[in-house]
Amino acid sequence: MEIRTRFAPSPTGFMHVGNLRTCLYGYLFAKKNNGKFILRIEDTDQERYVEGAVETIYKTLQKAGIVHDEGPDKDGGVGPYIQSERKAIYLEYAKKLVELGGAYYCFCDKDRLDSLAGENGIKKYDKHCLKLTKAEVQAKLDNGIPYVIRQNIPKEGVSSYLDMVFGEISVPNCDMEDGILIKSDGMPTYNFANVVDDHLMKITHVIRGMEYLSSTPKYNLMYDAFGWERPQYMHLPPIMRDATHKLSKRHGDANFEDFLEKGYLVPAIVNYIALLGWAPSDNKEKMSMSELMEAFDVKGISKSGSILDEAKMKWLNSQYIKELSVDEFVKLAKPFFEQSKTAGKYDYNKLAVLLIPRLEILSDIPGKIDFLEEFEGYDLELYENKKNKMDKQIAIEILEKSIPLFEDTSDFSEENLQNIIANIIEQGGYKKGQVFLTIRLALTGAQMTPGGATEMADLLGKAESMRRLKYSLNYLKG
Ligand code: GLU
């Protein structure tokens with residue numbers, strides 16, 4: 001039998017990393033097993049509808065490199081793939097379920113429902129309308145009395161199933177309510193639509209968040225009542241912000257787009273998200289999409305929540321940055337260069353060479369290079385450095401010797417600058433550290449720079465380097 005999985009997002013306008021992980025696992029599981037991956041839009045809750053949200057879903061999948069085989073834009077013969085376009089189908093199946101005894105019409109009004117005092121204050125529907133005869137139901141329908149259709153859950157017994165991650169799940173039937181399947185506006189609830197759609201779309205494996213773990217027995221009762229084969233279920237543990245808090249959808253920093261804005265690279269995001277709640281048998285960490293597809297196995301899914309650790313995610317991202325060519329880096333980093341105070345002033349290729357080995361996320365770029373424009377008036381105490389046997393007086397001496405030699409050369413390549421500095425060290429009897437530190441500070445005024453003295457001189461170019469060296473000498477002399 002062909003394996004078919006689906007991703008069934010509600011169009012809320014953003015793609016939370018939890019949703020993206022669910023999507024990814026469904027995709028990986030299908031592809032690992034040569035199956036099909038289906039995209040279905042669950043938009044029956046019209047109040048939550050957000051303009052453009054479906055576009056966000058397509059865009060995210062495309063950026064992440066997740067390719068659905070069927071969906072609203074790719075017909076595979078079991079569509080429509082948008083729930084709001086399937087209203088008539090749900091009503092038809094709900095009526096069928098009524099005939100089969102798995103559901104019934106309910107005409108109770110709000111007052112009656114409000115009056116149902118339940119145990120512990122929880123209101124539970126009392127199957128009042130189940131007592132109506134067929135003729136009574138028909139009379140009410142003919143009279144246009146508003147109705148909903150409810151699931152008819154047996155009062156006794158236990159419903160169980162075997163979850164692929166959590167093992168056996170059992171819920172006593174008396175703990176489940178006769179939930180609404182079709183609302184008074186004729187729209188299905190999620191509870192009903194997901195069952196009908198998963199069956200009609202021939203889904204073999206339902207992969208989704210753990211919040212549905214304990215309502216799945218209800219869905220299975222519907223499959224049974226219809227006489228349909230139940231799918232297999234793989235429920236996924238939550239993603240946590242810390243040991244006790246789930247990563248909230250409202251938290252505002254856990255959407256795919258947020259991570260892109262922060263300067264994470266797409267393959268790093270996908271890689272990290274795949275590892276949130278799953279590990280390959282060899283515990284490998286850096287994995288491409290095709291490696292993930294190859295290695296994905298339900299055995300590696302953990303039962304407990306996993307914490308989104310941004311430090312770890314940044315480390316992983318830095319591994320991807322290191323693999324970029326200068327051209328690739330510049331293309332991705334351009335928006336972040338433009339945000340920097342140095343925008344347009346330096347050769348981006350040269351900056352790229354300096355930054356690639358030193359960067360965790362692209363949004364750190366301005367912080368790493370803004371110092372280039374914060375030169376004047378820097379802290380002279382930086383020259384006082386016991387470890388390097390340095391002080392301001394030595395710095396003045398070194399600069400007085402260096403400036404004419406730098407001035408005399410037109411070749412500002414790193415190689416030539418290294419030679420000049422080597423001469424200064426030799427002739428003056430200085431320590432290497434003294435000369436390199438002095439020149440680097442005199443050029444940048446910064447304690448930390450992405451690169452040493454010669455790299456900074458090369459980046460700044462001769463004219464600007466000379467201006468800065470002279471400025472620093474005067475500044476040191478007070
Ligand atoms: N629309 C549901 C959600 O976004 C789908 C749940 C499922 O995969 O069954 O949570």
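Keep in mind the model is a prediction, meaning the values are calculated, not measured. For this chain, numbers begin at 1 and follow the sequence in order. Order of appearance sets the numbers: ligands from 1, and atoms from 1 within every ligand.
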Give a yes or no answer on whether the side chain of Glu168 reaches the backbone of Ser160 with a donor-acceptor pair at less than 3.5 Å.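 No, because the side chain of Glu168 does not come within donor-acceptor range (under 3.5 Å) of the backbone of Ser160.
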Mark yes or no for whether Lys124, through its side chain, and Cys174, through its backbone, hold a donor-acceptor pair below 3.5 Å.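 Indeed, once roles are kept as given, a pair shorter than 3.5 Å links the two residues.
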Under 3.5 Å, is there a donor-acceptor pair linking the side chains of [X] and [Y]?
X: Glu464; Y: Tyr346; answer: no
X: His16; Y: Asn19; answer: no
X: Tyr320; Y: Asn271; answer: yes

Is it the case that more than 12 heavy atoms not belonging to Glu294 sit under 6.0 Å from its CD atom?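 No.
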Option whose closest heavy atom lies nearest to atom 2 (C) of ligand 1, chosen from His235, Gln83, Glu42: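 Checking each option, the heavy atom nearest atom 2 (C) of ligand 1 is found in Glu42.
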Using a strict cut-off of 4.0 Å, indicate which atoms of ligand 1 neighbour a heavy atom of [X].
X: Arg6; value: 7 (C), 8 (O), 9 (O)
X: Tyr212; value: 2 (C), 3 (C), 6 (C), 10 (O)
X: Ser10; value: 1 (N), 4 (O)

Heavy-atom contact check, 4.0 Å cutoff: does Tyr190 meet ligand 1?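 Yes, Tyr190 has a heavy atom closer than 4.0 Å to ligand 1.
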Heteroatom distance test (Ala8, ligand 1): nitrogen or oxygen, under 3.5 angstrom: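 Looking only at distances, the answer is yes, because the N/O contact criterion of under 3.5 Å is met.
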When you look for heavy atoms under 4.0 Å from ligand 1, do you find them on the side chain of Glu211, its backbone, both, or neither?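 Glu211 to ligand 1: no contact under 4.0 Å from either part.
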